[in-house]
Student: 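Sharing a structure below in structure tokens format, with a few things to ask.
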Amino acid sequence: MDPHGKEGWDSMIAALYARVSTADQDPENQLLRLRAYAASHNWLTAEYIDVASGANQHRPGMDQMLKDCKARGIKIILATKLDRLTRSLINLYDMLDKLDKAGVQVIFLDQPINTADSSGRLMLNILACMAEFERDLIRERTNDGLARAAAQGRHGGRPKRELSAYQIKRAEEILARNPQISQRELCAQFNGISRSTLLKLLRERGLIA
């Protein structure tokens, strides 16, 4: 069935989602199992496929499926494993929580998780704790990185700009030949560095006033 067409939308029940990471992998192995499971329950289906990393939060097939759940009333999503939806605990919890609140049931064939039953709701609570733990780790790593950057004279994690040995020698030669050269003319002879940055670094080295 074409998930983008109108035929069958009124009786559609399940969305089948398959994801592979690279083009040389075949999503058909996942789809065969999902189709068989849906057929055993006499569910009509729409299929959504992505060839993308699970780290990518936004993927064409996933985005379309989530839109169709809202716009077309799809109430069941089937996937083989949790990591087919996403590899991020934060993204996974956020997605499952939103789907649960929208009344969309999610079933994973290789894991005993069904968000419509008590064990599935327990898993959602566990995922919520793990997602918050992952958020804390990200915040800690970010703060540690900023602290290291500040200690090394960098801000916002970006390395402090320095003049290369060639740029220093070139500036010295230009100023020796023409001590009265204007700042505009001096900066025009350097590529790949802004005028303000160049002048600031030259002043720091005492080459100009």
Student: To check you understand the geometry: which heavy-atom pair defines the closest contact between P179 and A176, and what is its length?
Tutor: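 Residues P179 and A176, closest heavy atoms: CD-O, 4.0 Å.
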
Student: Judged by atom type as modelled, is there a donor-acceptor pair below 3.5 Å linking the side chain of R59 to the main-chain atoms of L85?
Tutor: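 Between the backbone of L85 and the side chain of R59 there is a qualifying donor-acceptor contact (under 3.5 Å).
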
Student: Using 0.5 Å steps for rounding, measure from the CE atom of M95 to the CG atom of L66.
Tutor: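 Rounded to the nearest 0.5 Å, the CE-CG separation comes to 6.0 Å.
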
Student: Distance-only, no hydrogens or angles: does the Q25 side chain make a donor-acceptor pair with backbone N or O of T22 under 3.5 Å?
Tutor: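 Between the backbone of T22 and the side chain of Q25 there is a qualifying donor-acceptor contact (under 3.5 Å).
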
Student: Would a single hydrophobic cluster contain both V51 and L34, if residues Ile, Leu, Val, Met, Phe, Trp and Tyr are joined by side-chain heavy-atom contacts under 4.5 Å?
Tutor: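 In one cluster with L34: V51, no.
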
Student: Rounded to the nearest 0.5 Å, how far apart are CE of M65 and CE of M62?
Tutor: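 M65 CE to M62 CE: 4.5 Å, rounded to 0.5 Å.
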
Student: Measure across G61 and D50 and return the closest heavy-atom pair with its distance rounded to 0.1 Å.
Tutor: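 Closest approach of G61 to D50, heavy atoms only: N-OD1, 2.7 Å.
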
Student: Please name the pair of heavy atoms, one in A15 and one in Y48, separated by the smallest distance, quoted to 0.1 Å.
Tutor: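 It is CB-CE1, 3.7 Å.
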
Student: Are more than 12 heavy atoms from other residues, nucleotides or ligands located less than 6.0 Å from atom CZ of R170?
Tutor: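 Count over threshold, so yes.
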
Student: Please list, chain by chain and in numerical order, all residues satisfying salt bridge (charged side-chain N to carboxylate O under 4.0 Å, His left out) with D63, sequence neighbours excluded.
Tutor: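 Listed in chain order: nothing, the list is empty.
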
Student: Let me confirm one number: the CG-CG distance from L99 to D94, rounded to the nearest 0.5 Å.
Tutor: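 If I round to the nearest 0.5 Å, the distance is 11.0 Å.
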
Student: Give a yes or no on whether the backbone of A102 and the side-chain of K75 come within a donor-acceptor separation of less than 3.5 Å.
Tutor: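 Flag set: sc K75 to bb A102 pair under 3.5 Å.
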
Student: In terms of hydrophobic clusters joined by side-chain contacts under 4.5 Å, are L109 and V20 together?
Tutor: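 The answer is no; the residues belong to distinct hydrophobic clusters.
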
Student: What closest approach, in Å, do R195 and C187 show between heavy atoms, and which atom pair accounts for it?
Tutor: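 Here R195 and C187 meet closest at CG-SG, 3.5 Å.
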
Student: For the side chain of Q30 and the backbone of R19, is there at least one donor-acceptor N/O pair under 3.5 Å apart?
Tutor: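 Side chain of Q30 to backbone of R19, a donor-acceptor pair under 3.5 Å: yes, one is there.
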
Student: If every non-hydrogen atom of L175 is compared with every non-hydrogen atom of L186, which pair is closest and at what distance?
Tutor: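 Reported closest heavy-atom pair: CD2-CD2, 4.3 Å.
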
Student: To the nearest 0.5 Å, how far apart are CZ in R84 and OH in Y17?
Tutor: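 Reported value, rounded in 0.5 Å steps: 8.5 Å.
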
Student: Say you draw a straight line from OG1 of T45 to CG of L31; how long is it, rounded to the nearest 0.5 Å?
Tutor: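 Spacing of OG1 (T45) from CG (L31) equals 9.5 Å.
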
Student: Run the side chain to side chain donor-acceptor pair (under 3.5 Å) test against R35 and tell me which residues pass, sequence neighbours left out.
Tutor: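 Counting only residues at least two positions away or on another chain, R35 forms a side chain to side chain donor-acceptor pair (under 3.5 Å) with E28, E47.
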
Student: Closest heavy-atom contact between I74 and A14?
Tutor: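 Distance-wise, the nearest heavy atoms are CG2-C, 4.4 Å.
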
Student: Only counting residues at least two apart or in another chain, list the ones meeting side chain to side chain donor-acceptor pair (under 3.5 Å) with Q189.
Tutor: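 None.
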
Student: When rounded to the nearest 0.5 angstrom, what is the spacing between CD1 in I76 and CH2 in W43?
Tutor: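 The CH2 atom of W43 is 4.0 Å from CD1 of I76, to the nearest 0.5 Å.
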
Student: Check whether any side-chain heavy atom of F190 lies under 4.5 Å from a side-chain heavy atom of L202, and answer yes or no.
Tutor: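 F190 does not reach L202 side chain to side chain.
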
